[in-house]
**Q** 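Right, I'll just put the structure down here and ask away after.
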2 protein chains.
Amino acid sequence: MLENFSEIRVESPVDKIIRQIRELITSGQLSPGDKLPPERKLSEVFGVGRTNVRDAIKKLEFYGILKTMPQSGTVVAGLGITALEGLITDVLKLEKSDFASLVETRVILETQSAKLAAERRTPEDIIAIQSALEAYEKKVRNGESAVEEDLLFHLKIAEASKNSVLNSLMLIITPDIVNSFVELKVCTDARFIKASEEHRAILQHIVNQDGKAAGRAMLNHLKDVVEFSQSKQ
Amino acid sequence: MLENFSEIRVESPVDKIIRQIRELITSGQLSPGDKLPPERKLSEVFGVGRTNVRDAIKKLEFYGILKTMPQSGTVVAGLGITALEGLITDVLKLEKSDFASLVETRVILETQSAKLAAERRTPEDIIAIQSALEAYEKKVRNGESAVEEDLLFHLKIAEASKNSVLNSLMLIITPDIVNSFVELKVCTDARFIKASEEHRAILQHIVNQDGKAAGRAMLNHLKDVVEFSQSKQ
DNA sequence: TTACTACATTTGGTCAACCAATTAATTGGT
DNA sequence: ACCAATTAATTGGTTGACCAAATGTAGTAA
């Protein structure tokens, strides 16, 4: 009965403004490379407070679409118009990323990051990964949920890959992964224990600096999750 | 002479506040799951305006570290404390992405996205990729710079991969790629023409739905850029 | 005519006050 | 003693005003 009334008025003011800015760009009133109107003007045109405009700009700046220079103005990044259009629409729907895509992408990033980590790891990286692994196993032994510790182990590997961009992307998708895992109850006790062995195998390959084997081990480790996501779909 | 005085005072106030919040968490004054002090209190403690505090919170919320409920308070995500600590420190140094990592990550994402695109492309995808390719070749024939059109071609492929997350990540790193390319003058006329042939090859494999070949072709296409980035390093 | 300086305007950044909603407390009744 | 309702305080959200730097402009001197 009550469900009929939900789902109204969910769009936040900043998303509305992002949509409007997109309109400005796609309609050609705003070409890449040139300054966009001052914040005061925008707030006046859109009929909202300047804070909301600033928040929207900040969000777009975060994604690299806009660039704001203090006391000088905000400019549109030098991308093609069509690319921008796609970008902005995707920023809006980035939130609800489907689970299958998420897992698929994770597999891609992680196998490569394991491979690179094996090739480039320093002794310090080994220690960091090892301590993350032990924190994970400790939680598992106590019968507690160890989703975060699991991800932390993987993040440490990404860190050891010495690829800052790869590491950043992992950080970006990690929160979504955690949420999905908890939501869909991916993890069971049996899986935790099995994962523990697989973790050790990965670590061993990284210690041995065997990139290919590390990648394969990671692929194998994530196979379960992939199958789960496919069954959910 | 003057260079000695530059590069000071680069840390923005919001980063400073993020650092302080991290301090609060690591020192145990703030545990995962519980509310953090109201914004007014924080601004007073940190000795800055409330706006800066709100911006910092917003940034952390962006990464899923904090969650703010209107008129109720802001809470720390239910992550493990070690995970949080690692996440926040990484958020701070997220900005700087070196060119080598950028290219390396791009290769990873693009080879996979080409492979998936070949397997999943629809007739509409083919048309979109084809028209992007033609726009690129038109610019090249006129002797103009076609960096954006180049990237647009690649983005269309990512779109055809039907993996929303992969597509989003490509969109995220694309602006950085464009900037680096223009800055480092990666592209010459000869490369544009050679790239054109390689583009056609990739497209052909996607049309044929040959995933492996598409991946290989993309890898080959990006080889030049990889070598360039390594020589720069 | 040209170049340079001083000024006025515009810019994004910052701040303090205000608003509505939520939560805690107090009070009155049972 | 306990529960309900009303009130008081506290919360994040929003607004408008102010600040310092950057830019554009006009005026003056060479």
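Lettering follows sequence order; numbering is per chain, from 1.
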**Q** If every non-hydrogen atom of Ser113(B) is compared with every non-hydrogen atom of Ala158(B), which pair is closest and at what distance?
**A** OG-CA, 3.8 Å

**Q** Please state whether the rings of His221(B) and His199(B) are parallel, tilted or perpendicular, taking 30° and 60° as the class boundaries.
**A** perpendicular

**Q** Rounded to whole angstrom units, what separation is found between the NZ atom of Lys41(A) and the C1' atom of dG12(C)?
**A** 16 Å

**Q** Please list, in numerical order, the residues of residues 47-57 of chain A that have a heavy atom closer than 4.0 Å to any atom of DNA chain D.
**A** Gly49(A), Arg50(A), Thr51(A), Asn52(A)

**Q** Could you give the distance from CG (Leu116(B)) to CG (Asn167(B)), rounded to the nearest 0.5 Å?
**A** 11.5 Å

**Q** Both distances below 3.5 Å, Watson-Crick or wobble geometry, any strand: find the nucleotide opposite dT30(C).
**A** dA1(D)

**Q** For Gln71(B) and dA21(C), what is the distance between atoms CD and P respectively, to the nearest whole Å?
**A** 8 Å

**Q** Would you kindly give the CD-to-C1' distance between Glu39(B) and dT14(C), to the nearest whole Å?
**A** 15 Å

**Q** Rounded off to whole Å, could you give me the CZ-to-P distance for the Arg40(B) and dG12(D) pair?
**A** 7 Å

**Q** Between Pro70(A) and Gly73(B), name the one whose nearest nucleotide on DNA chain D is closer to the 5' end.
**A** Gly73(B)

**Q** Where is the tightest heavy-atom contact between Gly73(B) and Lys35(B), given as atom of each residue plus distance?
**A** CA-CD, 4.2 Å

**Q** Nearest 0.5 angstrom please: Thr51(B) OG1 to Glu39(B) CD, how far?
**A** 9.5 Å

**Q** Using whole Å, report how far CE of Met69(A) lies from P of dT23(D).
**A** 8 Å

**Q** From NZ of Lys35(A) over to P of dT10(C), roughly how many Å is that when rounded to an integer?
**A** 12 Å

**Q** Find the distance Glu44(B):CD to dG12(D):P and express it as a whole number of Å.
**A** 14 Å

**Q** When you compare the side chain of His154(A) with that of Arg106(A), does any pair of heavy atoms fall below 4.5 Å?
**A** yes

